[in-house]
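Structure first, commentary second.
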Amino acid sequence: MSGSRENHREDVIGRANVEDTPELLAYYDELDRHSAGALWTVANKIEPWQPKSQSVPVVWRYRDLREHVLRSVQLVTPEKAGRRVIYLNNPGRTDVSAAVGWIYAGLQVMNPGEVASAHRHSASAIRFIMEGSGAYTVVDGHKMTLGANDFVLTPNGTWHEHGVSADGTTCLWQDGLDIPFVNAMEANFYEVHPDLSQAVGYAVDDMTKTWGNAGLTPAGQRWSKGYSPMFKYEWAPTYEALGKFAQCTDGSPFDGVMMEYVNPATNGPVMQTLGASMQMLRPGEHTRAHRHTGSYLYHVAKGRGHSIINGKRFDWQERDIFCVPSWAWHEHVNGSASDDACLFCLNDLPVMRALGLYREEAFGDNGGHQPLV
Ligand code: 1HN
């Protein structure tokens, strides 16, 4: 593939290349009996030349999945199920129930008047609203009302519960959590709230009204937790910001007009393990291909188009979800010549960056576009 300068042959000097002999095989068996092994038998597997994702690129088409999600309403209650969720099961990651890499995602549905009881866990979540009215989430006593393309954070360790007001409509949303990652770190705790629900202790939407004012921060207030105090990020100011930024930037050749959601107290990511961005592809825009480390789950917030991921075309339209695994080549195409398309992206970039694991590379050949395979 373009851009890789490494020698990928396994027989280069300095790489493990030991042939099996009866004596060595007997030796390996003996080591195995001592819960040990010879590094040269696994070195090339555990130290690949470059990341080898087990995840495969997938598009989850909303028009196919929606009716199945709605069917769960007839089959289980939120009380019985805890959360009434259909999760996105990447064929390469079924062992850890991940949508991509170390990120879990699901589609949750709730009818007017229903509530899902309060709990907390070490995993952090982003809940991105897809359809319906009257949805709300309570996070540590702060109630947030939610509409389409808004998202709410339920960070690591915060009590959270969801509901839809009695005068609302059936609501569907995408949950995205770092569960597979936290489980891989063997650090996940889970607790049910003793009262199963929280008292709301503040004005509704107070955290967004306090912290979500562009260029202004509340005088005299400090915030030192590891996650953003702005628990809800709304669609209208997001779309407005992208439109304004588009007036004065050429955008990235790889991402179009892209903005990252930030913790207003630090300008860092919204949570320590999960990041989020929204990117606008202008009418007819076709980005150049690149690849980077980290796992990326895209949600089509607006418009239609397609992405080419590792040489394969994936068509998408509004409300579809698709993933780009770590180190996969990808480029995006807005399918409309007259309207913009917007992609919400949930990712583990904060982990990649904080641990010094982030790398990116441009696709050099063919004008920056992958040949279709
Ligand atoms: C969770 O807390 C929610 O709060 C949704 O809605 C999905 C999947 C696994 C573990 C916790 C929620 C979840 C979850």
Side-chain angles (χ1 to χ4, degrees), residues 60 65 68-69 72-73 75-90 93-111 113-132 134-147 150-165 168 170-198 200 207 227 231-233 270-274 276 295 297 299 321 323 346 348:
W60 290 273
L65 256 189
H68 295 292
V69 177
S72 70
V73 174
L75 299 173
V76 293
T77 61
E79 291 83 40
K80 285 264 186 195
R83 296 291 193 258
R84 195 198 276 128
V85 181
I86 304 307
Y87 70 97
L88 308 182
N89 205 9
N90 190 296
R93 300 294 281 161
T94 54
D95 51 339
V96 290
S97 305
V100 59
W102 297 102
I103 296 176
Y104 157 99
L107 300 183
Q108 190 162 169
V109 58
M110 205 169 268
N111 267 344
E114 287 184 329
V115 290
S117 58
H119 65 200
R120 67 178 175 185
H121 36 68
S122 315
S124 296
I126 280 181
R127 180 182 183 217
F128 188 86
I129 308 301
M130 300 172 77
E131 62 173 89
Y136 67 87
T137 289
V138 185
V139 180
D140 277 350
H142 300 272
K143 179 172 178 172
M144 265 81 52
T145 57
L146 297 155
D150 293 349
F151 70 87
V152 59
L153 310 178
T154 57
N156 157 352
T158 57
W159 292 112
H160 57 280
E161 68 208 68
H162 315 300
V164 174
S165 62
T170 298
C171 290
L172 285 103
W173 62 83
Q174 177 198 321
D175 296 313
L177 291 93
D178 56 7
I179 300 173
F181 174 72
V182 179
N183 285 340
M185 296 294 105
E186 301 179 338
N188 212 353
F189 293 88
Y190 188 103
E191 246 181 297
V192 174
H193 194 284
D195 304 329
L196 297 181
S197 83
Q198 306 168 70
V200 175
M207 292 305 251
Y227 49 84
F231 292 164
K232 172 179 63 163
Y233 293 76
V270 292
M271 295 189 288
Q272 285 164 303
T273 50
L274 290 173
S295 302
L297 193 67
H299 183 120
I321 298 167
C323 67
L346 173 72
D348 58 5

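Note that ligands are numbered from 1 as they come in the structure, with each ligand's atoms numbered from 1 the same way.
- Under a cut-off of 6.0 angstrom, the local environment of CD in Glu131 is crowded, with over 12 non-hydrogen atoms contributed by other residues, nucleotides or ligands.
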Need the list: ligand 1 N/O atoms against protein N/O atoms, distance under 3.5 Å, rounded to one decimal.
unit_1   : atom_1 : unit_2 : atom_2 : d
ligand 1 : 2 (O)  : His119 : NE2    : 2.6
ligand 1 : 2 (O)  : His121 : NE2    : 2.8
ligand 1 : 2 (O)  : His160 : NE2    : 3.2
ligand 1 : 4 (O)  : Arg83  : NE     : 3.0
ligand 1 : 4 (O)  : Arg83  : NH2    : 3.3
ligand 1 : 4 (O)  : His160 : NE2    : 3.1
ligand 1 : 4 (O)  : His162 : NE2    : 2.9
ligand 1 : 6 (O)  : Arg83  : NE     : 2.9
ligand 1 : 6 (O)  : Gln108 : NE2    : 3.0
ligand 1 : 6 (O)  : His162 : NE2    : 2.5

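- Atom OG of Ser72 and atom CG of Leu107 lie 9.5 Å apart (nearest 0.5 Å).
- For the atom pair CG of Leu274 and CG of Asp348, the computed distance is 7.5 Å after rounding to the nearest 0.5 Å.
- A side-chain contact (heavy atoms from CB on, under 4.5 Å) with Gln108 is found for one member of Met130, His162, Gln174 and no other, namely His162.
- Relative orientation of the Phe151 and Tyr233 rings is parallel, given thresholds of 30° and 60° on the angle between their planes.
- Rounded to the nearest 0.5 angstrom, Asn156 CG and His121 NE2 are separated by 9.5 Å.
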